[in-house]
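So the structure is just underneath, and the comments pick up after that.
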Number of protein chains: 2
Amino acid sequence: MISLTTHPTQTSRYGRGMQSRTPAVRPGRPRSAAADTAILAATRAALVELGWSKLTLGDVAARAGVAKTTLYRRWSGKNELVVDAVAELFDELELPDRGSLTADIEGVILQFAAILARPEAKSGLMAVVAESTRDDALRERIRASIVERQKLLVLEGRARAQQRGELPGESDPEAAARTADLIFDVIAGAVVHRALVSAEPVDTDWARAFTGLLLNGLTASTGHPPPSSHQTSFPRRTGAPRE
Amino acid sequence: MISLTTHPTQTSRYGRGMQSRTPAVRPGRPRSAAADTAILAATRAALVELGWSKLTLGDVAARAGVAKTTLYRRWSGKNELVVDAVAELFDELELPDRGSLTADIEGVILQFAAILARPEAKSGLMAVVAESTRDDALRERIRASIVERQKLLVLEGRARAQQRGELPGESDPEAAARTADLIFDVIAGAVVHRALVSAEPVDTDWARAFTGLLLNGLTASTGHPPPSSHQTSFPRRTGAPRE
DNA sequence: TCGCTTTCGCTACGAGTCGTAGCGTAATGC
DNA sequence: GCATTACGCTACGACTCGTAGCGAAAGCGA
């Protein structure tokens, strides 16, 4: 929660975390931080009720109890506003140590899917990504506030797996970075495609099958689902399997 | 090429290939098939120049040399029009036999990426997918005219690989279908994510690395260096197609 | 308490888009 | 000829956009 009416906001216009070194205190009336949270919440509510295309800034302003001009003073348009509103949904994304690489991957898949299942994320995220194909500044905003945090989970999970001895250490740092980018695109892309394009649920069964594919590959585990135990061809799972 | 002015179009409004058994010939003046192709081409041109958000139906009509009302008589709105316009881009998608599963996968990845690299596909496809999260009819239209054709390639590639002995035959048809859906989401999702979210090129290097991951899994081949160096605690089922 | 500065709420505005209605005309089949 | 449908064109109300201008409010320092 942001402290209320104490310090100026100035995170919204300049893009989450950018925190460009502007003078800490400016003369004049400070911007209401409460208005920021109200606007972003109103934006998500409007996304749920109306979806991206029918969402208007006038409507958002009315929901937030704020003048339309105030909205335009803080965000340059619909795209930037929705990015910030959706980005807050990803604050809950984290990677608790579940004891094994398999469990960690399954966990992050399900967490990511849980966010994507929310209607305000569905309709908002894809729309701004679509817009970002013609707007470099918007893409950078998305990358900094949403994508980068997801990628960090991949790096964290790999480091943890290497520490456990489940994955070999990396000799070439450049190749390691490429591999991490690849893994990230595969995981995030597959989950998004399953949830939004195929429009089928990302449940534990799917997450388990996907994780098996990711670790063992096609040639090993095609069409041999676990007989009755929910264990794949993997020999061991160290951590306690979340009851 | 569609034959010109001979038979009524009636594919556009009812969705590519649906071909509902309407009376083959209706009384009155038939719809101009030439207008259809002109409108769809104009839509793609407008997507390139303006992008999704700034594309207006009035502009498309003007480009196509057609009255705006004609456009509304054939398509119910922007979404449906763009789906049909983008769907034609996927007509070139096919799966020539490249001799091995590895080569087939790499080939389809690069083909798919080549389509996604075109600006009219970039900005249009993601936008309609975003809209489809709140419009079941639109999602079905996308599925029938775009997604299903991609999925067929996966099935074809697997059948070919099984015939070569590169993949085991499927005993349970239901599990086989689930696996095919999984593979499809992984491939299509990863390519889309790489191209649109990460905004980095899908070149042969990336396609090769991705294919390697897909076939062998993470535990085997992370990175280019010799696979013999570090071995994990996991048993490796390699190479030979287990019957 | 008084200025100074910036934000806020409000109203109003021109510009642009939307989707539809109405009309006369063109193209097909009977 | 007839009936039926598609087409081009014009016009329209409704809506959204993004901005401008204004007076009031909320901070800070003297």
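Fair warning: this is a prediction, and the values are worked out from it, not measured in the lab. Just so it is clear: chains get the letters A, B, ... in the order the sequence lines come, proteins before strands, and each one is counted from 1.
What separates NZ of A/Lys54 from P of D/dA14 is a distance of 19 Å, to the nearest Å. Atom CG of B/Leu71 and atom P of D/dC9 are 14 Å apart (whole Å). Protein atom OH of B/Tyr72 is 18 Å distant from nucleotide atom P of C/dG22, rounded to whole Å. One interatomic measurement links the two molecules: CG of A/Leu81 to C1' of D/dG18, which rounds to 15 Å at whole-angstrom precision. At whole-Å resolution of the value, CG in B/Leu57 and C1' in C/dG19 are 9 Å apart. The CZ-C1' distance, from A/Arg29 to D/dG27, rounds to 9 Å in whole Å. Between the CH2 atom of B/Trp75 and the P atom of D/dA6 there is a distance of 13 Å, given to the nearest Å. The CG-C1' distance, from A/Asp59 to D/dC17, rounds to 14 Å in whole Å.
In summary, A/Glu49 and A/Arg63 engage in a salt bridge, as defined by a charged side-chain N under 4.0 Å from a carboxylate O.
One finds no side-chain N or O of B/Arg26 lying less than 4.0 angstrom from the OP1 or OP2 phosphate oxygen of D/dT5. In this structure, B/Arg31 reaches the D/dA6 phosphate: one of its side-chain N or O atoms is under 4.0 Å from OP1 or OP2.
Here D/dC7 is the nucleotide among C/dC10, D/dG8, D/dC7 with the atom lying nearest to any side-chain atom of B/Arg74. Distances were taken from every side-chain heavy atom of B/Pro27 (C-beta onward) to each of D/dC17, C/dG9, D/dT4; the shortest belongs to D/dT4.
Comparing B/Val66 and A/Gly58, the nucleotide of DNA chain D nearest to each residue sits closer to the 5' end for B/Val66. When each of A/Gly28 and A/Thr70 is assigned the nucleotide of DNA chain C bearing its nearest heavy atom, the one mapping closer to the 5' terminus is A/Gly28.
Atom CD of B/Glu92 has more than 12 neighbouring heavy atoms from other residues, nucleotides or ligands inside a 6.0 Å radius.
The minimum heavy-atom distance between B/Leu116 and B/Lys122, with the atom names listed, is O-CG, 3.2 Å.
Donor-acceptor pairing under 3.5 Å is recorded for the side chains of B/Glu131 and A/Ser53.
Side-chain to base pairing of A/Lys68 with C/dG9: no donor and acceptor N or O lie closer than 3.5 Å to each other. For A/Thr69 against C/dC10, a side-chain-to-base donor-acceptor contact under 3.5 Å is present.
A donor-acceptor pair is defined here as one N or O able to donate and one able to accept, closer than 3.5 Å; no such pair exists between the side chain of A/Thr70 and the backbone of A/Val66.
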